[in-house]
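Position 1 is the first residue of the sequence; numbering continues from there.
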Amino acid sequence: LTEHRMKSRDALFFWQLIFPICDPLKSGIENDPRKAFYTLKVIHTNTYAAAEKKWGGCYGHNFTFVTEPEMVHWDGVLIRDGARGGTGGSIHIRWIQDDPDFDHVIANSMKYSRWLQIKAV
């Protein structure tokens with residue numbers, strides 16, 4: 001951690017200190033004390049989708065397993081929506097281009113249909 005890092009306002013750097021994006025056991029940092037977060041979140045999300053919801057098999061509901069970066073984007077949508085004042089349950093307006101509450105960062109980070117699919121898991 002450097003003074004430059006502190007002043008650069010790199011939100012993702014601080015986020016991954018609390019919620020590691022990669023598996024800390026594979027981070028290359030000796031004795032990394034952090035606990036896995038997104039690695040486990042992806043495992044549990046995909047397992048629940050396949051085992052409990054029966055998604056992603058040969059028939060029925062099509063489901064593409066989630067990845068760590070995708071889950072970071074999914075969480076980022078909620079954070080950005082809240083930072084902009086929230087939508088009171090109408091988060092879909094962040095993807096509607098004609099709406100005054102449209103957010104290009106949210107719209108470019110993830111399609112609304114995929115966001116809903118992951119939320120349904």
Any pair counted as side-chain hydrogen bond (donor to acceptor under 3.5 Å, both in side chains), so long as it reaches residues 10-21, sequence neighbours left out: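 Checked against side-chain hydrogen bond (donor to acceptor under 3.5 Å, both in side chains) - neighbours excluded - the pairs reaching residues 10-21 are R5-D10, W15-Y38, Q16-R34.
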Pair K41-D75, salt bridge (Lys or Arg N to Asp or Glu O under 4.0 Å): steps then yes or no: CA-CA 11 Å; K41 187 174 184 176; D75 287 346; 2.8 Å; yes
Residue list, side-chain hydrogen bond (donor to acceptor under 3.5 Å, both in side chains) with E3, at least two apart or on another chain: K7
H92: partners by side chain to side chain contact (heavy atoms under 4.5 Å, CB included), with sequence neighbours left out: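 In terms of side chain to side chain contact (heavy atoms under 4.5 Å, CB included), with neighbours along the sequence ignored, H92 is linked to S90, I96, Y112.
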Using only atom types and a distance under 3.5 Å, with no angle test, would you say the side chain of [X] pairs donor to acceptor with the backbone of [Y]?
{"X": "W55", "Y": "Y48", "value": "no"}
{"X": "N46", "Y": "V42", "value": "yes"}
{"X": "S27", "Y": "P24", "value": "yes"}
{"X": "Q117", "Y": "N62", "value": "yes"}
{"X": "R94", "Y": "D101", "value": "yes"}

Residue pair D32 / L25, side-chain heavy-atom distance below 4.5 Å: no
Minimum side-chain heavy-atom gap L116-K111 below 4.5 Å: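 No, their side chains stay 4.5 Å or more apart.
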Cationic tip of R84 above F102 ring, under 6.0 Å, 45° of axis: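 No, a cation-pi geometry is absent between R84 and F102.
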